[in-house]
Participant: 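Dropping a structure here in structure tokens format, bear with me for questions.
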Amino acid sequence: MIVGHGGLIMGNPGDRPYPTDPISAPKSDERLRDVRVGVIDTGISSGADSDHSDWFAERYVKEADDVDPAFSNGDVFALQGGHGTFVAGVIQNAAPGVTFDPEVALDANGFGDEERLCRKITELGRKKVNVLNLSLGCFTEDDVASEPMRRTIEALPDDIVVVASAGNQGTQRPSWPAALCRVTAVSAAEQTKDGAIIPAWYSNWGHWVDACAIGNRASTYLKGEWKLPGEGSTPFALWAYWYGTSFAAPLVTGRIAATMASDGITAAQARDKLLSEPEFHPGYGVFVK
């Protein structure tokens with residue numbers, strides 16, 4: 001079973017999303033139109049290109065099977081409804097104007113299976129994306145990588161960079177696919193009230209982690225309500241604040257894409273440039289702004 005590393009899933013110490021104020025879209029960089037990012041997640045909201053036109057319009061092809069179902073009942077969000085739209089916004093914030101391809105491998109509660117994930121990875125590999133974002137992962141009983149997942153990622157063209165979230169269980173235990181050698185694993189950091197950057201309390205970490213970024217973020221979201229049994233409902237109006245390694249990973253993905261465009265280099269070269277700095281903190285890799 002694969003779960004999205006976004007928050008309230010299987011006891012992850014990340015939290016639910018919260019409503020926040022609208023965010024101005026960053027100025028688009030035309031050079032990024034030629035860079036392609038694959039996003040395998042819950043999909044994207046049906047109205048993303050119109051609700052957030054400054055962020056998404058003409059940056060992806062609308063396909064019915066890429067739509068995030070998002071809601072569990074009426075306009076009440078499922079546990080990770082909107083996760084993929086949030087992730088796409090983080091990527092656009094880091095690489096404004098980049099072309100992206102959203103694909104569904106997780107349901108609106110954040111659950112998926114390995115077979116579908118591997119199929120989507122292979123599909124995007126054939127589409128020749130430059131960077132692939134996987135804000136999802138799983139543990140294995142023996143802490144050894146799943147062979148189907150390992151083989152699927154190893155079979156990707158060498159020029160595709162894969163970025164994956166490390167997970168939110170606060171453990172050094174390897175999370176897959178992040179801990180695969182071929183994958184750039186991303187943990188989360190957070191900023192204190194006095195401005196210091198520290199490791200995020202919820203983030204997984206370890207020798208297998210390559211980078212970290214701020215995981216507490218505001219981004220694009222949907223209209224609807226969040227409600228759990230025994231709680232009152234919380235309305236959302238297209239924007240949310242959320243935290244988790246799910247949202248640190250797409251920042252790194254976006255920075256790789258932006259560096260490709262600004263420096264005229266490949267995705268692998270851009271990744272290596274970003275990761276050439278000293279380690280931020282043991283087990284957290286390089287801090288990416």
Side-chain angles (χ1 to χ4, degrees), residues 4-9 12 14-29 32 37-57 59-60 66-68 70 77-102 104 106 108 110 131 133-136 163-165 168 186 188-191 200 202-203 212-226 234-258 288-289:
H5 283 151
L8 194 61
I9 292 294
N12 285 359
D15 206 352
R16 53 173 284 182
Y18 291 89
T20 194
D21 294 331
I23 307 165
S24 297
K27 184 178 179 181
S28 179
D29 184 344
L32 278 161
V37 173
V39 184
I40 301 179
D41 210 284
T42 62
I44 193 156
S45 65
S46 59
D49 60 333
S50 55
D51 291 338
H52 297 288
S53 58
D54 291 345
W55 293 74
F56 298 135
R59 297 179 191 179
Y60 71 101
D66 295 338
V67 172
D68 182 351
F77 292 118
L79 292 179
Q80 281 198 22
H83 188 271
T85 303
F86 193 103
V87 164
V90 176
I91 292 171
Q92 285 293 329
N93 203 18
V98 72
T99 299
F100 69 102
D101 189 338
V104 177
L106 304 177
V131 191
N133 189 88
L134 302 173
S135 287
L136 47 80
V163 179
S165 55
N168 306 320
V186 183
E190 58 185 341
Q191 189 168 23
Y202 54 81
S203 180
C212 64
I214 299 294
N216 299 50
R217 298 194 168 275
S219 186
T220 50
Y221 201 56
L222 292 70
K223 289 182 181 178
E225 294 185 347
W226 177 274
T234 303
F236 285 78
L238 299 177
W239 304 94
Y241 172 85
W242 215 344
Y243 65 80
T245 60
S246 266
F247 316 125
L251 185 283
V252 173
T253 292
R255 290 285 288 115
I256 291 171
V288 177
K289 297 180 180 178

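The residues of the chain are indexed from 1 along the displayed sequence. In this text the structure is predicted, and so the values were computed from the model without any measurement.
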Participant: Report yes or no: does Arg255 contribute a side-chain atom to a donor-acceptor pair with the main-chain N or O of Lys289 at less than 3.5 Å?
Facilitator: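 Indeed, once roles are kept as given, a pair shorter than 3.5 Å links the two residues.
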Participant: Can any side-chain N or O of Asn168 pair as donor or acceptor with the backbone N or O of Thr245 at less than 3.5 Å?
Facilitator: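 Yes.
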Participant: For a side-chain contact (heavy atoms from CB on, under 4.5 Å) check, start with the C-alpha distance between Ile214 and Leu251, then their side-chain angles and the critical distance, and finish with the verdict.
Facilitator: CA-CA 8 Å; Ile214 299 294; Leu251 185 283; over 6 Å; no
Participant: Is Gln92 reaching over with its side chain to a backbone N or O of Gly97, donor-acceptor style, under 3.5 angstrom?
Facilitator: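 Side chain of Gln92 to backbone of Gly97, a donor-acceptor pair under 3.5 Å: yes, one is there.
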Participant: Looking only at heavy atoms, what is the nearest atom pair of Leu222 and Ala70, with distance?
Facilitator: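 Leu222 and Ala70 have their closest heavy atoms at CD2-CB, 3.6 Å.
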Participant: Tell me yes or no: between the side chains of His83 and Ser135, is some donor less than 3.5 Å from an acceptor?
Facilitator: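 Judged by distance alone, the side chains do not pair up.
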Participant: Given the rule in the side-chain contact (heavy atoms from CB on, under 4.5 Å) test, do Trp242 and Val90 qualify, once you have shown the distances and angles that lead to the verdict?
Facilitator: CA-CA 11 Å; Trp242 215 344; Val90 176; over 6 Å; no
Participant: How long is the span from the CD atom in Gln80 to the CG atom in Asp68, to the nearest 0.5 Å?
Facilitator: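 Result: 9.5 Å between the selected atoms.
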Participant: When you look at Phe100 and Tyr60, which way does the ring-ring contact (aromatic ring centres under 6.0 Å, His included) test go after all the steps?
Facilitator: CA-CA 5 Å; Phe100 69 102; Tyr60 71 101; 5.0 Å; yes
Participant: Consider side-chain contact (heavy atoms from CB on, under 4.5 Å). Of Asn133, Val98, Val186, Leu134, which one does Thr253 pass it with?
Facilitator: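 Option passing the side-chain contact (heavy atoms from CB on, under 4.5 Å) with Thr253: Asn133.
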Participant: Which label fits Tyr221 and Phe77: parallel for a plane angle under 30°, tilted from 30 to 60°, or perpendicular past 60°?
Facilitator: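 Rings of Tyr221 and Phe77: tilted, 30 to 60°.
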Participant: For Leu79 and Trp226: C-alpha separation, side-chain torsions, deciding distance, then whether side-chain contact (heavy atoms from CB on, under 4.5 Å) applies.
Facilitator: CA-CA 8 Å; Leu79 292 179; Trp226 177 274; 4.1 Å; yes
Participant: Would you say the side-chain atoms of Ser45 pair up with the backbone N or O of Thr85, donor to acceptor, closer than 3.5 Å?
Facilitator: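 No, because the side chain of Ser45 does not come within donor-acceptor range (under 3.5 Å) of the backbone of Thr85.
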